[in-house]
Structure formats: structure tokens, C-alpha cells
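Quick caveat: nothing in here was measured; it's all calculated off a predicted structure. Side chains included, hydrogens not; waters and symmetry mates left out as well; all remaining heavy atoms used.
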Amino acid sequence: MYINPDRCVACTHCVPYCPTGAIQIVSEGGRNYAKVDDDRCVECWICYRVARCPKDAIEPTPPEKMPFVRRLKFFFASATAVWPETGMAGRGTEEMKTNDVTGRFRFGEIGFALDMGRPTGVGVRVSDVEKVCKAIAPYVTFEIENPVTKLLIDPKTGEVRNPELRNVYLLSAVVEAKTSKELAPKVLEIVRDVSKEVNTVISVGLVSRVKPDGEPEAYEVLRQVGIEAKPNMKVNIGLGKPFVGWE
Amino acid sequence: MTHTLHRQGTYEELKEDFVVLVMSAKGFNDPGAAPKLGEALKIISKYGPVNIGDMTQGSMYRAGFRIKPVERLLKGGHDRSIYHGVFTDLEAVKKVVDELKAADLGMSVVISGLYDEVKNIIRPHTVNLFLGIWGKTELLPKHEEVLKICTMCGHQFVSRNLVMKLAQDVKRGRISPEEAAEVMASCCSCGIFNPVRAVKLVKQLVQKL
Ligand code: SF4
Ligand code: SF4
């Protein structure tokens with residue numbers, strides 16, 4: 001994001017709106033104005049879209065004209081931009097939200113949704129995404145429709161495709177993968193270990209089918225590793241058609 | 001997209017925070033889905049949601065959507081719209097679910113909220129469990145109210161600094177907690193932010209400043 005110093009009057013209105021704290025008021029040449037830290041800026045456009053500068057000093061570059069790294073940041077920060085590669089709006093895939101129709105997750109399979117850099121604008125460097133992906137790669141299948149898999153990492157090894165991207169700072173990146181119920185405890189333990197080595201936070205989600213008695217199959221995995229799920233979760237209630245069935 | 005999953009709060013607080021989402025499945029039932037999704041939005045709107053929105057268009061708090069938000073969202077709706085409604089009680093969610101079921105629209109419906117409550121009103125098919133926040137948690141805000149407010153927009157568009165600034169403004173008597181919550185809700189583009197819960201949390205946060 002660019003703030004035009006000739007228009008900005010340093011009123012500070014936009015500063016707190018930035019989720020990553022990328023906007024600061026600086027003093028240069030005897031005057032004050034708001035300046036965006038290019039590294040810290042994740043191109044979420046909240047300053048432009050919501051804060052709305054009274055002097056029209058906030059000047060975004062349209063995504064199609066952005067250099068690659070900024071476009072990458074933009075897509076990883078946007079909730080609504082449609083990924084040209086997946087046709088999906090948002091940062092991840094449909095994952096379990098349409099599982100009643102797609103059957104992406106079946107009994108005996110456990111999905112991982114590792115939301116790196118989230119919440120509260122902590123953000124994540126690609127190098128930390130790589131760390132997690134490399135650690136779990138031998139035991140999982142990465143979701144190929146997910147933007148992390150499509151654009152950042154090699155799904156076989158978990159290594160970053162382009163080493164020059166390692167230092168890029170993103171608002172968040174959702175690592176989506178799945179494995180068997182038998183391997184899932186090991187993967188969870190790996191994620192628990194590697195989460196101690198990253199310089200960010202990871203909101204950890206686990207996807208599973210629900211057994212006829214109402215117990216999510218993933219509870220078996222959690223009991224093995226001694227981890228408890230929070231009481232709130234996302235629940236697909238099976239109204240989609242054509243329906244894959246309850247079994 | 002795990003944007004409704006990471007809401008933080010006690011069991012009692014989360015009893016006032018449910019999100020209903022409706023969408024089509026790409027490559028399976030999306031052609032011609034727009035009217036069915038629109039029908040679902042109308043049903044959601046009937047039972048007093050405190051926020052509604054379409055991930056691809058914005059929420060009722062978006063500038064330009066405040067008057068007649070349902071009509072506007074329906075007008076801009078399409079086969080890949082992802083509609084949301086936020087509810088503060090399970091009774092309303094139950095009514096929405098019962099009517100969606102009867103309407104038999106064939107669209108996927110996801111409820112985010114307390115599992116023990118949700119499973120009492122309808123049979124669950126697939127779940128996404130939340131195991132909490134791992135890693136460098138010292139990077140999170142120090143006041144739990146800020147974390148609870150910010151996680152009501154899973155895309156992280158409600159800035160922690162903005163929450164603190166608005167709480168300070170409330171403390172100084174410049175704005176009301178309701179006005180603060182409305183500014184926060186305008187940052188969330190999907191319409192999943194719960195402004196009613198935010199008012200309560202802002203009041204709690206102000207006590208600590
Ligand atoms: S709102 Fe506009 S004028 Fe005020 S500090 Fe930001 S860019 Fe400058
Ligand atoms: S685009 Fe987002 S991250 Fe960049 S300065 Fe604006 S609010 Fe901050």
C-alpha cells in the first residue's frame with residue numbers, strides 16, 4: 001500500500017486500522033506524514049477500504065499491476081479476491097464446508113487446517129510455513145487446491161518452491177493436509193513440536209467425520225495424544241446435494 | 001477457510017455466538033445455485049441475525065449496504081456466494097435449520113459454535129475441531145477481551161490496535177460501546193462479526209483501562 005506524502009496531513013486516523021501495525025507517522029523534511037512499512041504491510045487494504053482517508057492519500061495499486069510479491073501478499077490477505085488458479089474466494093479451500101457433497105474427508109481420514117499467523121495480525125513469514133510443511137510432509141497429503149500448496153511449497157517435500165520468497169511476510173497462510181487416522185497422532189505431535197520453533201502463532205484445526213453416535217472420529221486421535229478440542233467448532237449438517245451419505 | 005473457527009470465549013459467552021454459513025460446492029452443485037443460496041439468505045434473515053453478509057460482497061455493515069442489506073446482497077448474489085448469518089441464541093439457529101431443511105435447497109450448511117448445543121438440534125456430518133492457538137502465544141494481545149473481539153473476524157481485519165483505540169474512546173466518553181462495535185463490524189468483510197457480543201466485551205475491556 002502506498003500513502004501519498006503530499007496528500008497526507010498526519011491526522012493518524014488510519015494508523016490503528018492496520019492489522020499488522022504497518023502504518024507509522026514519520027517526520028521528514030520538517031513535516032509529518034503517514035508511511036507504510038513495505039515488509040510489514042500485507043496488502044489487506046483495510047486502511048483504504050474501511051478507514052477511508054479524509055484526504056484521499058491512501059493509494060492502492062490494483063492487484064493486476066502489482067509486482068509478484070505484493071500480489072502474493074494481497075491474495076493471502078484477501079477474504080474476497082478470487083484466486084485465478086482455484087476459482088475460490090478466500091485464503092483456503094471449501095475443506096469440510098461442502099464435505100456433505102464432495103466427500104473430500106471420509107471415515108478413517110483426518111484433515112489438518114493449520115492457520116499460521118492467525119489470529120490478531122501476528123502474521124507469518126513463508127520460511128515458517130515451510131518449516132511446518134517440511135516437518136509434516138512425509139506423513140500427509142497436502143490439499144492441492146489450497147493456495148499454500150499451489151503457490152508456495154512443493155507438496156512432496158514441503159520445501160518452498162522459490163527460495164526468494166522465504167522472507168515474505170503474509171497476514172496468514174492456511175496449511176491444509178490430510179492423513180489416515182492411524183498417522184494423525186504422529187502428525188499432531190510433530191505440529192506441537194514444530195510450533196515451538198516458529199516465530200508466529202498457529203490456530204490448529206482438525207477435520208473429521210462424525211460417527212453415528214455423534215462423536216467426531218478425531219476424538220480418538222485426540223485421546224491418544226492427550227489434547228482436548230475447544231467446545232466450539234464448525235459443523236457441516238449434511239443438507240447439501242447430491243449427498244455423499246452418512247457412511 | 002477457517003474464518004469462523006477460532007472464536008474465543010467461555011462456554012457461557014459462546015452460547016451467544018453462532019454463525020450459519022450456506023454455500024454451493026464447486027464442480028458439484030454450483031451451476032444455478034444463486035437462487036437457492038438467495039432463498040437460504042432470506043431464511044437466515046427471518047430469524048433476527050445480528051449480522052449478515054456474503055464473503056464475496058461484504059457484510060451489512062459495509063458502507064453502501066446498510067440500507068436494505070438483504071435486497072442488496074441478493075441483487076449481487078451469484079452461484080458462488082457464501083452467505084453468513086450471526087445469531088445470539090440457539091433457538092433462532094434451530095428455527096433457521098428447520099426451515100432450511102424443509103426448503104431442501106441442496107446447498108451445504110455449516111454451523112459454527114458450541115458442538116454440544118449444535119448436535120442437539122441436528123445430526124452433524126463432518127466437523128472442524130479447534131485445538132487452540134499454538135506457537136508463540138506471547139505475541140497475542142495481553143487483554144483477553146481484545147483476543148475475543150478480534151477472533152470474531154477470522155480474516156484478522158479487526159485490528160487489535162483499533163480495538164484498543166476504540167475502547168479508549170469509549171472510556172473518554174467520545175463514543176458509545178455500540179458505536180465502537182459498529183466500527184469493528186465494518187472491518188469484517190464476510191459478516192461473521194458479532195456486534196452484540198462485542199458491545200459486552202468492549203464494556204469489560206474499558207473497565208481494565
Ligand atoms: S488518514 Fe489519510 S491523512 Fe490521516 S494519517 Fe492516514 S493517510 Fe494521512
Ligand atoms: S494494506 Fe493492510 S497491512 Fe498494508 S498498510 Fe493498509 S491496513 Fe496495513
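Note: A/I46 CD1 to B/L162 CG = 9.5 Å, rounded to the nearest 0.5 Å. The line from CH2 of A/W246 to OG1 of B/T126 is 8.5 Å long, rounded to the nearest 0.5 Å. The OG1 atom of A/T120 sits 7.0 Å away from atom CD1 of B/I133, with the distance rounded to the nearest 0.5 Å.
Interface residue B/K101: backbone and side-chain heavy atoms are both found under 4.5 Å from chain A. Only the side chain of B/R160 comes within less than 4.5 Å of a heavy atom of chain A; its backbone N, CA, C and O stay farther away. Both the backbone and the side chain of A/V191 come within contact range of chain B, with heavy atoms under 4.5 Å apart.
Judged by distance alone, with hydrogens and angles left aside, the side-chain atoms of A/N236 form no donor-acceptor pair with the main-chain N or O of B/H125 at under 3.5 Å.
For the pair B/F157 and A/L171, the minimum side-chain heavy-atom distance is below 4.5 Å. For the pair B/L129 and A/P216, the minimum side-chain heavy-atom distance is below 4.5 Å.
Across all their heavy atoms, A/T98 and B/M23 have their closest contact at CG2-CG, 3.8 Å.
Qualifying side-chain hydrogen bond (donor to acceptor under 3.5 Å, both in side chains) partners for A/Y169, counting only residues two or more places apart in sequence or in other chains: A/R40.
Applying a 4.5 Å heavy-atom cutoff, none of the residues of residues 32-41 of chain B approach chain A. Residues of residues 103-113 of chain B that come within less than 4.5 angstrom of chain A, heavy atom to heavy atom, are B/D104, B/G106, B/M107, B/S108, B/V109, B/V110, B/I111, B/S112, B/G113 in numerical order. Contacts of residues 138-150 of chain B with chain A at a heavy-atom distance below 4.5 Å involve B/L139, B/L140, B/P141, B/L147, B/C150, listed in sequence order.
Here A/L188 is the residue among A/L188, A/V194, A/T20 with the most heavy-atom pairs under 4.5 Å with chain B.
When only modelled atom types and interatomic distance are considered, B/K136 and A/N199 share a side-chain donor-acceptor pair under 3.5 Å.
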